[in-house]
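Letters go in sequence order (proteins before strands), and every chain restarts at 1.
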Number of protein chains: 2
Amino acid sequence: MPHLIDDAEAMLRERGFKVTGQRTLLLQVLAGQTNYLDAEEIHALAHMQDASISLATVYRTLNLFAELGLVDHRYVEPDHRREVFRLSEGPEQHYLTCMRCGARTLIHTDLLNRMAHELVRRKGVSVVSACACFTGYCAKCTEELKAAGEFTPPVE
Amino acid sequence: MPHLIDDAEAMLRERGFKVTGQRTLLLQVLAGQTNYLDAEEIHALAHMQDASISLATVYRTLNLFAELGLVDHRYVEPDHRREVFRLSEGPEQHYLTCMRCGARTLIHTDLLNRMAHELVRRKGVSVVSACACFTGYCAKCTEELKAAGEFTPPVE
DNA sequence: ATTACTGCAAAGGCTTTGCATTGTA
DNA sequence: TACAATGCAAAGCCTTTGCAGTAAT
């Protein structure tokens, strides 16, 4: 875990960026999370360690990290309103977001990767990032809605 | 094609909504397009027929149509900034959007549908909509970048 | 005659940006 | 000492909303 942060800082220096307290702090915050968080959530966590860090810096830093490939950034909520971020180590994660309770159900992405590969092979394009957003109801809400007879059968 | 509009208008009436000139016009505009368009593009097209139609009405109408299932609405651009709309007849379409020239490459969605079905089967969830956004370079730009030696091999 | 719908302009929510200041190298 | 990075506040961008007026049933 500290490894990751050291590597990231080395990368920053290598590319001529400065290693500031804010950048180190944000790396620590991100390293402590496995889920995707939005900028405000990340800011709130960072703020506990350094009350002076600004939201603007959080945005600027996350965007820099994304450009450097240090973080994944995606839209996960059904409304695609806010972007979410996560350190980019580890496997890609995709979710189904529940329209009723907001719960996220993790999705295996082997099929998504297959789609990307097929695209490359068949169309000659290059895929830089793939994002899948599923919207619907989580298992619990699906049950409850069925039990209540309020269930309009969805697309599938 | 007029069929489609008549059906939509019948549906509006059935559900207690009024069939206004603006709604009919927007149905016509949408019926004349196969691609996804954003609200401003749709407004521009409608504006040519009725200079008094407002962007607010376009948004309200598109959202109503989406709730009624008359239009698909999704985020297609890499930045996910603006939502795009299309009449929901016809098969789902997904794209890879080129980061260099903006071109959209159509993607077959059988694998995406398989993903959705697997999700339902394995996790007990219900899938209402699935959205896949691929970002990268189109075939032409991939070629050109390779030729220019400017190509950093992407994720795939 | 109702009551939904529209246009306008203002507000909302998330993100970016200009500028003076601070801090890294 | 240079110059990138920061904080603050303002602006940007897309979308929604309140309200008074208009139009569909």
Side-chain angles (χ1 to χ4, degrees), chain A residues 5-6 8-27 29 36-44 46-47 49-68 70-71 73-85 133, chain B residues 5-6 8-27 29 36-44 46-47 49-68 70-71 73-85 133:
Chain A
I5 294 177
D6 291 349
E9 293 185 349
M11 182 186 219
L12 286 173
R13 269 186 260 267
E14 237 172 74
R15 307 228 187 168
F17 298 103
K18 295 182 174 167
V19 176
T20 64
Q22 291 89 335
R23 287 178 179 169
T24 301
L25 173 52
L26 288 172
L27 285 171
V29 165
Y36 285 90
L37 298 179
D38 66 39
E40 235 163 305
E41 292 169 324
I42 292 168
H43 179 241
H47 198 265
Q49 304 281 123
D50 170 4
S52 76
I53 193 171
S54 74
L55 187 55
T57 293
V58 172
Y59 273 109
R60 278 189 282 233
T61 304
L62 290 171
N63 286 337
L64 174 64
F65 287 176
E67 270 174 39
L68 296 176
L70 293 171
V71 311
H73 55 137
R74 283 231 314 277
Y75 293 80
V76 171
E77 302 303 323
D79 63 6
H80 284 223
R81 279 188 93 97
R82 66 190 111 249
E83 201 170 11
V84 291
F85 303 84
C133 313
Chain B
I5 294 176
D6 291 348
E9 293 184 349
M11 183 186 216
L12 285 172
R13 269 187 259 267
E14 235 171 76
R15 307 227 189 169
F17 297 104
K18 292 180 176 168
V19 175
T20 64
Q22 290 90 333
R23 287 179 179 166
T24 301
L25 173 54
L26 288 171
L27 285 170
V29 165
Y36 284 90
L37 298 180
D38 66 39
E40 236 163 303
E41 293 168 325
I42 291 168
H43 179 241
H47 198 265
Q49 304 282 123
D50 170 4
S52 75
I53 193 170
S54 74
L55 187 55
T57 293
V58 172
Y59 274 109
R60 278 188 282 232
T61 305
L62 290 171
N63 286 337
L64 173 63
F65 287 176
E67 270 174 40
L68 296 176
L70 294 171
V71 310
H73 56 135
R74 283 232 312 279
Y75 293 79
V76 171
E77 303 302 321
D79 63 5
H80 285 225
R81 279 187 94 97
R82 66 189 108 247
E83 201 169 10
V84 291
F85 302 85
C133 313

In this structure, how many angstroms lie between the P atom of D:dA24 and the CD atom of B:Glu14, rounded? 21 Å
Within the 4.0 Å heavy-atom criterion, would you say A:Arg60 contacts the bases, only the backbone, or no part of the nucleic acid? base
Of all heavy-atom pairs linking A:Val58 and A:Ala39, the shortest is CG1-O, 3.7 Å
Does the pair B:Ile42 and B:Leu26 meet the rule for a side-chain contact (heavy atoms from CB on, under 4.5 Å), with working shown? CA-CA 8 Å; B:Ile42 291 168; B:Leu26 288 171; 3.7 Å; yes
Side chain of B:Arg13 - closest among C:dT17, D:dT25, C:dA25: D:dT25
Closest nucleotide of DNA chain C for A:Gly21 versus for A:Ala39: which of these residues is on the 5' side? A:Ala39
note: B:Arg81, atom CZ; D:dC14, atom P; distance rounded to Å ~ 6 Å
Length of the CD-P vector between B:Glu40 and D:dC14, whole Å: 6 Å
Listed nucleotide nearest any side-chain atom of A:Arg23, set D:dT15, D:dT6, C:dT6: D:dT6
Do any N or O atoms from the side chain of A:Arg23 and from the backbone of A:Lys18 form a donor-acceptor pair under 3.5 angstrom? yes
Assign each of B:Gln22 and B:Asp38 the nucleotide of DNA chain D bearing its closest heavy atom; nearer the 5' end lies the nucleotide of B:Asp38
To the nearest Å, how far apart are B:Leu25 CG and C:dG7 P? 10 Å
Need to verify one output field. Residue with the more 5' nearest nucleotide on DNA chain D, B:Glu83 or A:Val58? A:Val58
Measure CG/A:Leu12 against C1'/D:dA4 and give the value in whole Å, please. 12 Å
I want to check something: taking the side chain as every heavy atom from C-beta on, are A:Phe17 and A:Met11 in contact at a cut-off of under 4.5 Å? no
Round to the nearest Å and state the distance from B:His43 atom NE2 to C:dT6 atom P. 12 Å
Quick check on side chain to side chain donor-acceptor pair (under 3.5 Å): which of B:Arg74, B:His73, B:Glu41 does B:Tyr36 satisfy it with? B:Arg74
Here the distance between atom P of D:dT16 and atom NE2 of B:His73, to the nearest Å, is 10 Å
A:Leu55 CG to D:dT6 P, straight-line distance once rounded to whole Å: 13 Å
Using a cut-off of 4.0 Å on non-hydrogen atoms, how would the nucleic acid contact of A:Asn63 be classed: base, sugar-phosphate, or nothing? sugar-phosphate
